[in-house]
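In what follows, chains carry the letters A, B, and so on, assigned in the order in which the sequence lines appear, proteins first and then strands, with residues in each chain numbered from 1.
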Amino acid sequence: MQSSALFSAVKINPPPARVKALYTANPSTVDDHNHMAASNPKWAQKTITLPPHRRGCHLITPKIVKEIKQDLSEFKCGLAHLFLQHTSASLTINENYDSDVRDDTETFLNKIVPEGRSAPWKHTLEGPDDMPAHIKSSMFGNTLTWEFSSSIPITDGQLNMGTWQGIWLCEHRDAPTARKVVVTLNGI
Amino acid sequence: MQSSALFSAVKINPPPARVKALYTANPSTVDDHNHMAASNPKWAQKTITLPPHRRGCHLITPKIVKEIKQDLSEFKCGLAHLFLQHTSASLTINENYDSDVRDDTETFLNKIVPEGRSAPWKHTLEGPDDMPAHIKSSMFGNTLTWEFSSSIPITDGQLNMGTWQGIWLCEHRDAPTARKVVVTLNGI
Amino acid sequence: MQSSALFSAVKINPPPARVKALYTANPSTVDDHNHMAASNPKWAQKTITLPPHRRGCHLITPKIVKEIKQDLSEFKCGLAHLFLQHTSASLTINENYDSDVRDDTETFLNKIVPEGRSAPWKHTLEGPDDMPAHIKSSMFGNTLTWEFSSSIPITDGQLNMGTWQGIWLCEHRDAPTARKVVVTLNGI
């Protein structure tokens, strides 16, 4: 294995305050004294333990928002990152209104990934639902990242997501267990 | 639901300038005075409205690059993040040369997610293509993140992506509509 | 195409040191003088060339950790981002223990994406395994992002991932080739 450095990484201690708007839509938000103080780079990292959910797709936007709402209010602009610390469940962003969409998605996942005696899996020691769960986890993924900014009101289901977007936890195992999600907020 | 803080988040106002290269490939880029001024953390966030595209996979690298090229030039190193604010279309990075690859991918998606009378979906009120569109959106995802650095020329299709990589918008609905993509640049 | 700026991006040169914990779990890690110096925003970017792997799914956590371990030790909290510069292989996070899980995942991918004479692909010039490889790449994706913090020991397979999570390279081509992964670390 070879490695090559593409770019010199730097540890930065910047000189005193200067603020420049790359996008000039709302210059008044960056050039007053209070906002400048609030514009320092910030990091917040937190683990949220979700209670057990039955197998299927579940809208968890309200639970996530409740946990990060107060901290989000300290940011003007940035990225929120969610990481599910499991390999038999998924996080995805999809439709937030009709629960049939979640049910139909579960139907699709079960249709596309065979389970039971006819399935070709070698990894069966942890039950017939385990190997399919791993596959579904890689299909839908276990990380999410989305933008936020103070110009979008932070309310359930918003977070600068689209009007109809929500955060889903897809539980792929039959036996529900608590699931840990690490949330990282990074912004100014 | 339980929550536990894994790490203390900090709001940082760092002391005066010190620069240290973690990777030493190009130290001259970090130790002169001008570059230090350019090495402060920067954030840029913008919404791009893509015009309606017909159902299928489309290469949109030139459109995205055109919108962010000028701002990218202000960064030396960082991450670009794209977030599609819709649940019936996808963003993915794939082959940028042969349009047959995009057509074959659309063929695959239609083959794997059934549509029409024989499909098992409950969510049908918004048309036969709607529920399949939601599933395809979670399969391919709606976010992209990739690295950029000033050592890679920012030209169409590059952006520190691989030679053959491009950004695709996959439109999963029959009726084309404009699609909003939030772009966030974060770096130094 | 229309563009609108959602938020004014800023170039920041923050005023002298102030540290505030958004999450107060471990305040002692942020309020002593040494840690403050270490809490400046940092970026590191590096390209890792993975040696050729045979077609299938491979656990590459040790290789990645070996390359970034020293640099990670300079961070207290942040995000690690991996970007595979290819469109016929994937990166995913999945089970790190039983190699049968990797084999079964390869079985699934081959089952779901047809290959050979009966396959409906137009893009066949680069071999029968090429078009399936592109599709698999978009299904599993080519980017990974996960959190790290100094409160989690950085050892193989950890990196603030779940106990059973590991980084997989999924090689979708028959002819093994070296693969480039750009790694970016961003944090404090």
Margin query: Donor-acceptor pair, distance only, cut-off 3.5 Å: does the side chain of C/Glu95 make one with the backbone of A/Thr87?
Written below: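 No, the answer is negative, given that no donor and acceptor are paired below the 3.5 Å cut-off.
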To the nearest 0.5 angstrom, please state how far the [atom1] atom of [X] sits from the [atom2] atom of [Y].
| X | Y | atom1 | atom2 | result |
| --- | --- | --- | --- | --- |
| C/Trp146 | A/His81 | CH2 | NE2 | 10.0 Å |
| A/Asn142 | C/Thr145 | CG | OG1 | 10.0 Å |
| A/Phe140 | C/Met139 | CZ | CE | 9.5 Å |
| A/Lys180 | C/Thr163 | NZ | OG1 | 8.0 Å |

Note to self: Just to be sure I understand the criterion: a residue of residues 106-117 of chain C counts if one of its heavy atoms is under 4.5 Å from a heavy atom of chain A. Which ones qualify?
What the structure shows: C/Thr107, C/Phe108, C/Lys111, C/Ile112
Notebook entry, point to check: Under 4.5 Å, heavy atom to heavy atom, which residues of residues 118-138 of chain C contact chain A?
Noted result: none
Next item on the list: For C/Ile93 and A/Phe83, run side-chain contact (heavy atoms from CB on, under 4.5 Å): C-alpha distance rounded to whole Å, both residues' side-chain angles, the deciding distance at 0.1 Å, then the answer.
Entry: CA-CA 11 Å; C/Ile93 290 177; A/Phe83 181 72; 3.6 Å; yes
Check: Where do C/Asn186 and A/Asn186 land on the side-chain contact (heavy atoms from CB on, under 4.5 Å) test, with the steps shown first?
Finding: CA-CA 10 Å; C/Asn186 175 24; A/Asn186 176 25; 3.4 Å; yes
Checklist line | Heavy-atom check, side chain of A/Thr184 versus side chain of C/Leu79, under 4.5 Å | finding: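 A/Thr184 reaches C/Leu79 side chain to side chain.
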Item checked: Heavy-atom closest pair, residues C/Gly78 and A/Trp43 ->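 Closest approach of C/Gly78 to A/Trp43: CA-CZ3, 3.6 Å.
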Check: Can you say whether C/Asp98 sits under 4.5 Å from chain A via the side chain, the backbone, both, or neither, judging by heavy atoms?
Finding: side chain
